[in-house]
Amino acid sequence: MEMPTDDDIRAMLSDRASRLPTAAARAETILAAARAHAFLEPRSSRRRLAGGRWAPRVAGGVASLAAVALTLVVLAVPLIGRPSASVEPSAHPSASAAANQASATPAASPEAEIGAITAEELQALFDARGTELVGLTVAVDGDLVSHPSCSGKAACVDAIVGGTTITVLPVGDIGPGPWDGSGPISGTFALRLVAMRGVPQGVVAQYLGDIRPGPNGLAWSLADIIAGESRQETGFVVARGWLVRSPLHSCPTSLGPSGRLSFGCPSDDYLSIERFQPMLADGSSISPPATDALYLPSGTYDEWAPDPAPVGVGVEPREGTFLLAWTGISPCGPLADCAFRPNDFRWTIRGRLDPTHR
Amino acid sequence: MTDRWEGRLDPALIRRAQDGDVDAFTALVAGRIDPMTRTAMAILGHEADARDAVADALASIWRELPRLRDAMAFEAWSTRIVVHACRRALRRRGRERVREVAIDDQTGTAGLSTPGPADAVSGRIALERAFERLDADARSILVLHHLDGRPLDEIASVLDVPLGTAKSRLHAARRSLERALEREER
């Protein structure tokens with residue numbers, strides 16, 4: 001066995017580092033998350049050692065932190081531009097017509113119209129479009145089977161989509177799915193397509209996790225999700241709806257520990273069956289959705305809405321098909337090691353199913 | 001090598017940010033987010049974790065900036081905060097379920113052509129799997145050296161350790177990677 005050279009290590013790390021969506025989507029998402037953190041934890045008043053002056057507490061607390069949020073977001077847009085075509089209003093192919101019309105249709109598309117693609121369809125996409133697919137997340141019905149390169153090895157978790165030549169890599173080192181090494185597994189999988197040098201078509205699939213289909217197709221209705229019908233500890237459920245965000249609220253200067261997702265501060269974010277505008281006539285408040293809506297962490301709209309509208313008093317709802325996970329939200333922040341309590345579990349969006357048609 | 005800030009730091013901008021000027025803080029970090037994310041992504045290999053780590057780091061930078069004594073140390077200091085955020089993310093991940101498995105079954109692959117240059121693909125995948133066996137410190141120093149292209153003295157500054165310690169840690173990380181690769185290919 002040959003030891004890796006510096007170039008081998010550099011190429012591997014470069015590939016890992018490049019498996020991200022467009023810089024625009026990335027920076028906006030992170031700035032939004034940082035904004036939420038800034039609201040949670042105001043800068044404390046500490047003695048500034050350089051120059052011997054005292055660092056002033058952020059004047060006005062809430063007002064100044066709100067200014068941080070607005071400035072970060074507003075500045076990010078001209079710096080990094082808008083998302084590329086790969087994050088245009090999107091949906092699964094079978095629901096593409098509805099998804100690509102950001103119309104004033106009052107309700108989301110029926111769940112029955114959303115379906116997974118087959119392994120053969122995925123192979124055809126790879127063959128036809130190669131690296132054009134990078135950044136897409138797809139739902140695939142099929143099998144995951146051992147990668148041919150694993151032959152004879154005791155420990156090998158690399159796989160391909162059964163019946164194809166498409167390499168599937170676990171994400172990170174925690175392989176979220178049911179792959180137990182006993183043989184191929186069948187099901188519906190969320191795969192994200194990422195670039196990798198030296199493989200056919202220059203694209204591999206990252207295994208994000210299993211999808212638990214709904215009672216009438218791939219997607220669940222939001223009503224069933226809210227009722228708890230779809231709840232599970234691992235993997236994803238799929239739902240289609242309108243992502244909406246309220247105007248930014250003034251927030252308390254200290255709400256809780258760093259690292260905990262914030263709900264309602266600085267914005268209320270919903271995945272709603274209804275295309276509603278969360279701005280009242282006075283432009284300062286939110287009217288809760290009239291129909292079924294899932295309450296999501298603040299910042300969700302910025303992170304996952306297709307072509308998110310810039311920050312403002314009222315942002316345009318965006319329709320999409322999303323991967324939802326039932327997730328424990330640490331009650332103690334990133335530095336503490338404490339158990340989740342029942343109320344620390346919430347729904348969060350972990351991905352968006354993108355159109356696979358041109 | 002990632003884009004870095006040497007020669008472009010404006011001490012006055014940093015001082016304004018230290019004093020709570022949000023415009024200055026925004027200007028300070030806006031161009032830094034992509035390289036931060038790239039570093040975090042290489043260490044963590046997971047997009048959501050990398051985004052969270054950088055968001056954590058930005059919040060910490062905002063909060064702790066008044067403590068920074070030497071404005072010219074901002075680049076190394078902020079990178080250290082990103083590395084610490086990645087370490088916390090890996091620690092959190094370590095508490096989650098880890099599944100390491102053996103796969104011997106080849107069912108379903110009969111008749112398939114091996115994808116591309118099989119050895120190259122296999123080696124490339126094995127190297128990444130081996131990297132994921134490493135702890136946070138080893139991952140971080142390999143990323144700082146091989147991806148960011150930082151010299152050892154700069155790595156020592158980022159990690160806040162003596163030069164000799166940085167050198168020995170880099171050597172140890174490289175050896176750990178080789179041993180992990182041996183196990184991966186066994």
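Just so it is clear, the values below take in all heavy atoms, side chains as well, and ignore hydrogens, waters and symmetry mates. The shown structure was predicted, so the numbers you read here are calculated from the model rather than taken from an experiment.
Within the 4.5 Å cutoff, no side-chain heavy atoms of Ile9(A) are placed close to those of Phe131(B). Under the 4.5 Å side-chain criterion, counting only non-hydrogen atoms from C-beta, His146(B) is not in contact with Asp8(A).
Annotation: the span from Arg10(A) atom CZ to His145(B) atom NE2 amounts to 7.5 Å, rounded to 0.5 Å. One distance of note links CZ of Arg129(B) with CE of Met12(A); it measures 12.0 Å at 0.5 Å rounding. Note that OG of Ser18(A) is 8.0 Å distant from CE of Met41(B), once rounded to the nearest 0.5 Å. Distance check, rounded to the nearest 0.5 Å: CG of Leu127(B) to CG of Leu13(A) gives 8.0 Å.
Looking at every heavy atom in both residues, Pro4(A) comes nearest to Glu178(B) through CD-CG, 4.1 Å. The heavy-atom pair separating Arg16(A) from Ile43(B) by the smallest distance is NH2-O, 3.3 Å.
Interface residue Asp6(A): backbone and side-chain heavy atoms are both found under 4.5 Å from chain B.
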